Each structure stands twice: as structure tokens, then as C-alpha cells.
There are 2 protein chains.
Amino acid sequence: MGLRERKKQRTRDALIDAALDLFLSRGYEATTIDQIAAEVEVSPRTFFRYFASKEDVVLSLTAGEQEILLAELAARPETEPPFTALCQAVRSFLGILREADDAAARRYLRCRKVVHSTPALLGGTMRLVKENERKLVAEVARRLGADPGEPLPRFIVSVFLGVVLACFGEHTLDLAALARRLEDLLTLAERSLRPGWDLPVRPGAAQPAPATS
Amino acid sequence: MGLRERKKQRTRDALIDAALDLFLSRGYEATTIDQIAAEVEVSPRTFFRYFASKEDVVLSLTAGEQEILLAELAARPETEPPFTALCQAVRSFLGILREADDAAARRYLRCRKVVHSTPALLGGTMRLVKENERKLVAEVARRLGADPGEPLPRFIVSVFLGVVLACFGEHTLDLAALARRLEDLLTLAERSLRPGWDLPVRPGAAQPAPATS
DNA sequence: TGTCATCTGTCATGGGCTGACATAAATTGC
DNA sequence: GCAATTTATGTCAGCCCATGACAGATGACA
């Protein structure tokens with residue numbers, strides 16, 4: 001990797017860290033782009049060459065998170081029931097976070113703290129989640145051999161996201177507490193739902209033919 | 001009601017209708033406050049005396065919607081299981097919409113169309129829903145005689161909101177199609193969940209003592 | 001080293017949003 | 001009715017976010 005690439009990455013990380021610092025100390029709205037740029041000693045214009053908007057500094061992390069979840073779901077075996085696969089995918093995500101670089105994990109938690117304490121950012125996060133939801137529904141539908149417009153795939157993803165957001169929407173200080181709360185709610189979900197609820201009603205269609213597209 | 005009040009209400013409605021017109025024809029981002037204000041023949045400054053922000057024109061309707069849902073839930077009998085009460089509350093909401101003034105119903109549907117086609121507004125809407133979610137959880141917890149922090153009330157509301165958003169997040173042209181889709185998903189939910197899943201695990205605590213506070 | 005691509009800073013602009021102040025209108029009390 | 005008070009509106013000025021255009025600086029590569 002060339003010098004240019006490394007410099008860019010350093011500037012980007014510096015902007016994120018400076019922004020998170022300011023957001024946490026003065027608040028999101030009270031922080032201006034000029035202040036963030038001054039902290040990193042770049043021009044305000046440069047800020048917008050790294051991030052599309054002020055909220056994008058924080059949301060870019062969430063977007064990456066959503067991509068990982070989708071990738072982990074795609075990596076689950078085809079034979080796994082959809083809801084189980086979703087649960088395993090989010091567990092994998094937490095595992096990745098646990099094994100990640102300390103600075104990255106710290107950034108993630110601080111980012112979540114800012115999001116949680118700023119209504120505007122919460123809205124932006126939900127927008128990203130909603131966009132990813134469509135992809136999750138599509139993947140679940142594919143696994144079920146169903147159409148993405150049908151109620152079942154949508155319902156499965158709804159229940160899953162409901163549980164996940166119920167955890168991630170909390171003030172969470174550390175990953176361990178987050179994981180514990182997640183397991184609590186997933187256990188509750190499994191206790192509450194009938195066995196086989198996330199499989200097609202017809203047992204004959206339980207072996208979905210992989211789409212050739 | 002005095003003349004002043006009536007004039008205010010007329011200006012407010014005119015601003016909403018003009019904004020929706022422009023948002024639907026030119027798009028949300030492409031529409032400026034100046035254009036909306038010019039359409040109603042008021043100064044741009046006056047716009048902000050009626051609405052806190054550009055998105056607030058649309059979101060104020062959603063906020064009212066959330067309040068109605070909460071009120072309808074509070075009006076359900078205490079003996080009803082929580083999830084049933086939530087389902088009945090959203091059915092009541094649709095009923096209110098059906099019986100409402102034509103202009104109001106038209107505004108609601110056009111508003112939803114704009115929200116659905118504008119990511120930024122979708123985020124704002126989700127923010128409002130999230131804020132209302134806390135109140136719903138609190139009410140469900142009260143009915144269960146549980147603490148709002150416990151997993152069960154949260155899970156119940158999650159499943160409910162998941163279903164509702166799965167419906168309201170669709171392109172819906174008319175109220176009938178919306179109601180049909182809602183019933184589809186609620187039926188699916190009831191088929192998927194174990195009987196009594198939304199009641200406390202201890203049968204002895206099934207008769208929650210109404211909080212005296 | 002010299003050329004090229006890319007990054008960065010400066011400047012200018014538009015649009016969202018807010019505060020301050022003056023004007024016009026409606027409401028209230030006489 | 002008429003004055004006094006309250007409230008809505010318009011005008012002006014300004015901050016901040018965001019974007020386009022252009023020029024200068026810096027790393028990449030032959």
C-alpha cells in the first residue's frame with residue numbers, strides 16, 4: 001500500500017476520532033465541521049471529501065456493521081432454518097467485534113453512544129437498518145424458496161431485527177453486557193415461537209431449489 | 001374559536017398541502033422553503049413559525065399518528081393480553097382513518113408516499129417511531145406488572161412494531177389494501193407464536209395488580 | 001527528473017434555520 | 001367605538017451545512 005493510501009486512512013481515522021471526541025464532549029449539534037477540521041488541521045472542504053455529510057462520520061461505521069451482518073448471513077449453511085441463520089449471523093458479528101483491533105472496537109462503542117444520545121443520528125441509523133432489511137428479507141426469501149414479497153420472510157426478519165434493535169438500542173457500556181442481553185432476548189424469542197415457525201407451511205417445499213440466477 | 005385561531009389553522013393546512021404538492025411533483029430535496037412559502041403567499045420566516053424544520057411538515061402528521069396509537073392502546077381493557085391489545089389498537093387507528101375527513105385521509109396517504117420515497121424522511125419517521133416505542137413498552141410493562149427494562153415487554157412491542165412497519169413500509173395506494181396486508185401479517189404472527197407467549201411466565205402473576213401510582 | 005494523477009486549500013454560492021426588531025392584525029377592557 | 005395589550009407576520013442579518021470551480025501542492029511512476 002502506497003504512502004498516499006496510508007495518509008488517507010490516517011486522515012480519515014483522525015477525522016472520525018476528532019468528531020467523536022467533540023460530539024461526546026460538546027454534543028453533536030453544537031459541534032461544527034470547522035471545529036472538527038481544525039482539530040485535524042485540514043480545511044473544512046477536505047472534511048466533505050472524506051464524508052458526504054456531518055452525520056456520515058458516524059453513520060459510515062453503522063453502514064459497515066450492516067454489511068458485515070449481511071455477509072455473515074450469506075455465509076451460514078443453506079440447510080439452517082432462516083431465523084437460526086440470522087441469530088448465528090449476529091453472534092458472528094459480535095465475535096468479529098470481540099476479536100477486532102482495540103481502537104476499532106472503542107470507535108464502535110463510542111459511535112453507538114453518540115448515536116444513542118442524538119435523535120437525528122438515531123434516525124439516520126434506522127434509515128440504514130431499513131435499507132439493509134430489504135436485503136435480509138431477500139436473502140431469507142431465497143433460502144425459503146419464496147418470493148421476497150410474501151409475508152413469511154418479512155415477518156422472520158421483523159422479529160429478528162426487533163430483537164436485535166431492542167438490544168442495540170440500549171445504553172451499552174461493554175460488549176459482554178451487549179452479548180448477554182442479546183442472548184436473553186434470543187432465548188425469549190425461541191421460547192415464544194412455535195417450532196418450525198420460520199419454515200414454509202408446506203413441508204414438501206422445505207428443500208428450496210437454489211435459484212439459478 | 002376566534003378568527004385568529006381559524007386563520008392560523010388555515011395557514012398551517014395550506015402550508016402542509018403546498019409542501020406535499022411540491023414534494024410529490026419536484027421531490028423533497030429539490031423543493032425549497034421559499035417555494036412553499038411563495039405558494040401560500042407568506043414569508044419564508046413564517047414557515048418556521050409553524051414548523052420547526054422542513055421535514056417537520058411531513059413528520060408532524062406521523063407524530064400525530066403515533067399519539068393516536070398510544071391513546072388507543074391505553075383505551076384497551078386491562079384484562080386483554082398485551083399483544084392482543086396492541087393489535088386492536090392499530091386496528092382502531094385504521095378505523096379512525098377510515099372514518100376521518102376526506103382531506104385528512106388524503107393528506108395522510110400523500111404524506112406516506114412522500115416519506116416512502118425520501119430516505120431522509122424515512123429516517124425521521126423511524127426516529128419518531130423509536131421514541132414512541134419506549135412509551136408503548138412502558139404501557140405494556142405496566143399491564144404485565146413488569147419492569148419496562150425486562151425483556152418480555154420489549155419483545156412484545158418489537159414483534160408488534162415489526163409487523164406494523166412491515167405493512168406501513170410498503171407502497172400502499174389505499175387504506176383497504178393496507179388493512180388487508182396488516183391482517184395477513186397479524187394472522188401469520190398469531191400462527192407463529194405460542195399461546196400465552198405475551199403473558200408473564202408465572203401464571204400466578206397473570207393478574208397484574210394495577211399500579212397505584 | 002519530469003510528467004501525470006490525485007489530494008488539498010481557497011473562494012464563492014445556495015439553502016436550512018434562528019434571533020432581533022418593527023409593523024400589522026386581532027383580542028381585550030373601558 | 002376606542003385605546004391598550006397581545007399575538008402573528010415581515011424584514012434583515014447571520015450561522016452552519018453542503019457543493020461546485022479552480023489553482024496549487026504532493027505522491028506515483030516512467
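Just so we're clear, the structure is a prediction, and the values are computed from it rather than from any experiment. Every chain is numbered from 1, with letters handed out A, B, ... down the list of sequences.
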Would you indicate, yes or no, if C/dT8 has its OP1 or OP2 atom less than 4.0 angstrom from a side-chain nitrogen or oxygen of A/T46? no
Could you check how far CD of B/E41 sits from C1' of D/dT9, rounded to whole Å? 14 Å
Rounded to the nearest Å, what distance is computed from the CD1 atom of residue B/I33 to the C1' atom of nucleotide C/dC17? 9 Å
Whole Å only: how far is the CZ atom of B/F51 from the P atom of C/dT18? 14 Å
Name the closest nucleotide to the B/R45 side chain, picking from C/dT8, C/dG15, C/dG19. C/dG19
For nucleotides 24-30 of chain C, read 5' to 3', which letter fits each nucleotide if B means a protein heavy atom sits under 4.0 Å from the base, S means only the sugar-phosphate is that close, and - means neither? -BBS---
Can you find a side-chain donor-acceptor pair between B/R91 and B/Q88 that sits under 3.5 Å? yes
Exercise: identify the closest heavy-atom pair between A/L15 and A/F47: CD2-CD1, 4.1 Å
Could you tell me whether B/T32 contacts a base, only the sugar-phosphate backbone, or nothing, with contacts defined as non-hydrogen atoms closer than 4.0 Å? sugar-phosphate
For the pair B/E5 (side chain) and B/G2 (backbone), establish whether a donor and an acceptor sit closer than 3.5 Å, ignoring hydrogens and angles. no
Closest non-hydrogen atoms of B/P153 and B/A146, given as atom of the first, atom of the second and distance, are CG-CB, 4.4 Å
Counting N and O atoms only, with roles assigned by atom type, does the side chain of A/Y108 sit under 3.5 Å from a partner on the main chain of A/E65, one being a donor and the other an acceptor? no
Distance in angstrom units between B/D34 CG and C/dG14 C1', rounded: 10 Å
Using modelled atom types only, decide if a donor and an acceptor are shared between the side chain of A/R98 and the backbone of A/L175 within a distance under 3.5 Å. no
For a quick test of reading the model: is some side-chain N or O of A/K8 closer than 4.0 Å to OP1 or OP2 of C/dC7? yes
base_contact_polar (D/dG27 base, A/R6 side chain, donor-acceptor, <3.5 Å): no
Tell me whether the side-chain N/O atoms of A/Y50 come closer than 4.0 Å to OP1 or OP2 in C/dT8. yes
What are the two closest heavy atoms between B/A63 and B/L128, and how far apart are they? N-CD1, 4.0 Å
Stems involving DNA chain D, each a run of at least 3 consecutive Watson-Crick or G-U pairs under 3.5 Å: C:1-30 with D:1-30
What is the separation between atom NZ on A/K54 and atom P on C/dG15, rounded to the nearest whole Å? 21 Å
For DNA chain D, find the residues of residues 9-31 of chain A with a heavy-atom distance under 4.0 Å and give them by number; none if there aren't any. A/T31
Write down the distance between CZ (A/R49) and P (D/dA18), rounded to a whole number of angstrom. 15 Å
Rounded to whole Å, CZ of A/F48 lies from P of C/dC7 at a distance of 18 Å
